[in-house]
Each structure stands twice: as structure tokens, then as C-alpha cells.
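Have a look at the structure below before the remarks.
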Amino acid sequence: MTYLLALDQGTSSSRSIVFDERGHIVAQAQQELPQIYPQPGWVEHDPLEIWRTQLATARQALAQAGLQAANVRALGITNQRETTVLWNRRTGQPVHHAIVWQDRRAEPLCAELREQGHEAAIQAKTGLRIDAYFSATKLRWLLDHVPRAREAAEAGDLAFGTVDSWLIWQLTGGKVHVTDVSNAARTMLFNVHTNDWDDDLLALLRVPRALLPRVQPSASDFGATDAALLGGAIPIGGVAGDQQSALFGQACFSAGMAKNTYGTGCFMLMHTGDAFQTSRNGLITTSAAQVGPTLAAAQAARPPEGAPPGARPQYAMEGSVFVGGAVVQWLRDGLRAIPSSSEVQSLAESVPDSGGVMMVPAFTGLGAPYWKPDARGTITGLTRGTTLAHIARAALESIAYQSAALLQAMGRDAVAAGGAPVSELRVDGGACVNDLLMQFQADLLGIPVVRPAVIETTALGAAYLAGLSCGVYGSTEALSSLWRADRRFLPTLSPARAQERMARWEHAVRQASLD
């Protein structure tokens, strides 16, 4: 039997999963990752805790499966994107806590860039809007605020990376400083047309090129683990940001296929093939996971002029909800309304509806398609008869409302580009096991919501990429044949009722905005 090891480093936990070649889970381990909140709007992680928890879970998963390193053909990595790590090349020590994707401290710099008129040029090159969500302004903040960081960076003594780069550096004993195209595309420094760092953007953001990792296709050779870490060297063959990895794990390989991941946030991606599309409805364009040179040469036509050989750009439209499943964590830890997250569905189901209560969980502003950084969380529609159960139901429904707004925007962009709206939505992530949420999602969207047999598609995508790189799989067609549905949720609400509910949601969003 062939085994693949996936490291899934997320916002709230580090996990490792062993898959067999059919994509079945053999063993898994998980450890919670502490969150650090220095002040309102700031979110940090300890990079050493990221590494410690990730290594520990990899060892635990292998032990649980009864496997040695020699039994594992390859290792894949998927990770929280945009989270920014800066470390010393000589010592391997971080110079500051990692600044997490949710962090908003760089918004003043973003506002300055927007006021200077750079938005259109940046979106044309990167597919991204100017927002503190992305890595570039977080990195600029570190260079400007950590004592002597800029001098050290310009001298070549520091290394920048998203979490994948940090983990690869640690796994290879500091030998490899690299990232993949899907993570590089989230920095706001990467030209997604040329698949390379953009000198004009580096100059604009005052980021020295010497800081940056080498960029490779998502399925390619990223080095091998230090033999002392896992009992033997394991090739690192696949790397992708968590959302592009989930798109890959859901076998969404062709234009028009879409998935939504229900995690700490919600992330909806629609594959657009090799067509770069600029959204007119508040979405962003991002690089999809790309297969490396040898396999890409066999599967793809000649790459566009200017692209590295064998690295044919692939794109996706994306919408990001900053607070998805995190609203359930807030019910648990903030309000102390439930003792554990698993109890939210039974509490929400104890009432037939939300009783008119609407929650907009804009704890760190609103992402796509609204892009309102100053919005704040609100609960409206409260009456004397409102109970905790109504609030719990409104919290769950807020996840579906935000996702529905994304899909509607995505549909408008697809039609404008000459395509058709998404006909079904594949779902994954921890919250997709909640049947109440998935049914409400289907009702709002008016299309089937399909939950796969393996919901750990983020980790599965990383394993598939690693398997493609080392020859376990011969093509993406072979991976498509492995995908299986677990349940299809069909809409039961009339289009008129769904539209009415979305209108109420949009009204609540306007109430949450300060402008």
C-alpha cells in the first residue's frame, strides 16, 4: 500500500493526516494553536508554536498509522495563507510573532496606497484588491516597526515567508527557502501572469527581493525532510495554500467548478481555467494550484509567453469571509453560550427559525464582496422573546448568508465573462458536517450543495499534489475518478423567499457599516 502524509497548518490548529493512495484517511492527529490578540484588530501566532505543533502531529499521525518514514512516498503541505513570518536566516529564529491573515494593523498603509491611486495597477498584476488581508503590507509593517529589521533585510540576513515557507525551512533544516504559486499569489507582490515576483510592486512596498522565497509549481520538488525529524527523509512534493488545496482536493480542475470551505473563515473559489478574469463584483482573482513541469508537460498545452516552462498559469475567482466558523468559537469562548462547538446545531435546532434575529459577525471588518474594513459585528432584531437559541441560529445562518452573497457575486462575474452561474457547490471544512447549516445554504442559493465522502479536502489536496509529483497519480483525471459525494442538500425554499431573506441580510450588513 502507498501512503501520503499531509501537513495541514490552519489558523486555529495544526493537523497531520496519513492518506492511502485511494484518498482514504488512515490516521490523523491535531493540536490547537494558541491565538494572540495584542490589541483590537491585531491577531498573531507564535511561529515556533506553529512548528512545534505541526511536527508533533506529524509524528503522532505516523505512530498512529504504525508507519515509518520509509513507508511514506511523499509529503504535502497546506497552510493558512497570507499569515506573514519573518525570521533570521542564520539562527532560524523569528524576529516577531507571525501576523495572521485576519490582522488589520496595516489598514492605514492600505488606505494610503488606495488614495495614491495604485488599486487598478495592483489588481491587474496580482488579481487582488488592496487590503490588509494580504501579506505585503503585513511584511512592510514588520520591516518598519521591528527594530533593525529593515537593515537586516537589506543585508540579506532575513527571510520572509507564508506559513508553508516557514514549515519547509524547518523541515529541511534551513536548507530550502521556497513557496508555491498559490501562496505567492496571496502576497500582493506576485505577478500572476508571469508567475514571478514583481519588481514594481517590490519597489512600491519597499520590500527587498533578497527576503523572498523561490516560487515553484504546487506539485514539484520542494526538497526532503531532515531525516532526524520523522525517522527518515521524506520528499516534499506538494504545497498549496489551504483554499487552493481544497479546490484541488474537491477535484475542481476545470472552469466553472466551485467549492466553499467552512473553516475559521469561509472561502469560496470557482476555477476559471487559464483565463484571468477581473471581478466587477467585489471578488478577487487568484492563482489555482499548478502541476509541476514533467506532469504539466504531459497534461497541458504550451504555456503562455513569459511563463516558466511547464508552469501554465491556472486561475480561480475567490471570495473570502473573514468570520465563518469563528462565530461558533465566539459563542463558546466569548459569550460562553455553549460548552463546546459541537452543541451549536442542537441549540439552533431547538427553535424553528431565528425569530427575526440577524447577526453580522464583522469582528474584523467584512471581506468579499463588501470590503468594509470598518464594519463591526451586530445583532439586530432582538425582542423580549429572543432566546440564546435564536442567537445561536442567527450565528449559524450568518455563515450561510455571507457565503450566498459570495456565490451571487461569482455568478454575476461568470455571466459577464460569457459563462454560466455555478450549478452546484461542493463544500468542505469542519462546519460542513452541520446539516442545518448545509440545508440553509442550499435554500439560500437555490442549487444543490454537495458534501464529499472525505471532507478533509484541504489536506487531501496537498496529498494529491504530492502524489502527482512523485508519480503515485498519473493525471488529474485519475484524481477526478476518486472523488465521491456523501450527501446532496437540495433547496426547499422558493426563489422569492430566498431573495427576501437575502434582502434582509443586506439590510443588516448596511446597519453594521460605520460609513
Side-chain angles (χ1 to χ4, degrees), residues 41 81-84 99 101-144 162 181-207 209 212 241 243 265 267-270 272 275-288 313 315-322 362 364-375 402 405-406 408-410 412-414 416-417 509-510 513-515:
R81 307 169 302 170
E82 299 93 24
T83 294
T84 300
I99 301 181
W101 58 272
Q102 298 164 309
D103 190 283
R104 305 303 299 172
R105 75 186 68 185
E107 174 54 30
L109 174 57
C110 291
E112 183 180 316
L113 291 170
R114 287 190 289 265
E115 289 166 6
Q116 291 170 352
H118 296 296
E119 179 111 59
I122 287 176
Q123 188 168 19
K125 289 186 174 188
T126 69
L128 310 178
R129 298 170 64 98
I130 296 176
D131 194 82
Y133 177 24
F134 305 110
S135 308
T137 53
K138 301 179 196 298
L139 176 57
R140 168 70 178 272
W141 188 94
L142 289 170
L143 293 175
D144 289 346
T162 43
V181 290
S182 70
N183 278 292
R186 311 301 297 185
T187 61
M188 216 169 75
L189 297 170
F190 186 73
N191 189 315
V192 296
H193 304 280
T194 63
N195 272 358
D196 195 10
W197 303 114
D198 190 275
D199 287 327
D200 292 338
L201 296 179
L202 295 180
L204 177 65
L205 274 300
R206 297 184 60 221
V207 172
R209 185 178 266 269
L212 304 175
Q243 303 315 316
F267 303 88
M268 189 178 293
L269 274 73
M270 179 180 71
T272 61
F276 178 91
Q277 297 178 15
T278 299
S279 173
R280 300 187 182 278
N281 293 281
L283 304 178
I284 59 175
T285 309
T286 194
S287 292
Y315 302 105
M317 300 292 290
E318 176 174 339
S320 303
V321 170
F322 294 158
T364 55
L366 285 171
Y370 306 107
W371 298 105
K372 293 181 178 292
D374 295 330
Q402 292 177 97
L406 290 181
Q408 289 179 355
M410 209 165 271
R412 291 192 293 271
D413 279 329
V509 167
R510 289 191 293 273
S513 304
L514 300 181
D515 53 6

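This is a predicted model, so every value here is computed, not measured.
- For the salt bridge (charged side-chain N to carboxylate O under 4.0 Å, His left out) condition, the pairs that include at least one residue of residues 108-118, sequence neighbours left out, are Glu107-Arg114.
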Would you list the atom pairs, donor with acceptor, under 3.5 Å between side chains in residues 117-126 and any protein atom, with sequence neighbours excluded?
residue	atom	partner	partner atom	Å
His118	NE2	Gln116	OE1	3.2
Glu119	OE2	Ile130	N	2.8
Lys125	NZ	Asp198	OD1	3.0
Lys125	NZ	Asp198	OD2	3.3
Lys125	NZ	Asp200	OD2	3.0
Thr126	OG1	Ile122	O	2.7
Thr126	OG1	Leu128	N	3.1

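- Side-chain N or O atoms of Thr187 include none that pairs as donor or acceptor with a backbone N or O of Ser135 at under 3.5 Å.
- Listed by chain and number, the residues in a ring-ring contact (aromatic ring centres under 6.0 Å, His included) with Trp141 are Trp42, His96, His145 (sequence neighbours excluded).
- Partners of Asp196 according to the side-chain hydrogen bond (donor to acceptor under 3.5 Å, both in side chains) rule, which considers only residues two or more places apart in sequence or in another chain, do not exist here.
- Shown here are the side-chain hydrogen bond (donor to acceptor under 3.5 Å, both in side chains) partners of Asn281, two or more places apart in sequence or in another chain: Arg412, Asp413.
- For the side-chain contact (heavy atoms from CB on, under 4.5 Å) test, residues two or more places apart in sequence or in another chain that qualify with Ala136 are Met188, Leu189, Leu205.
- The ring-ring contact (aromatic ring centres under 6.0 Å, His included) test applied to Tyr315 returns Phe276, not counting sequence neighbours.
- Arg105 meets the salt bridge (charged side-chain N to carboxylate O under 4.0 Å, His left out) test with Glu44, Asp103; sequence neighbours excluded.
- Between Trp371 and Tyr133, the two ring planes are tilted [angle within 30° to 60°].
- Arg280 is linked by a side-chain hydrogen bond (donor to acceptor under 3.5 Å, both in side chains) to nothing, counting only residues two or more places apart in sequence or in another chain.
- Taking Glu318 as the reference, Arg81, Arg186 meet the salt bridge (charged side-chain N to carboxylate O under 4.0 Å, His left out) condition, with sequence neighbours excluded.
- Identified under the salt bridge (charged side-chain N to carboxylate O under 4.0 Å, His left out) test for residues 131-142, with sequence neighbours left out: Arg104-Asp131, Arg140-Asp144.
- Put simply, the side chain of Ser279 does not reach to within 4.5 Å of the side chain of Ile284, judged on heavy atoms.
- With sequence neighbours excluded, the residues satisfying side-chain hydrogen bond (donor to acceptor under 3.5 Å, both in side chains) with Thr162 are Asp164.
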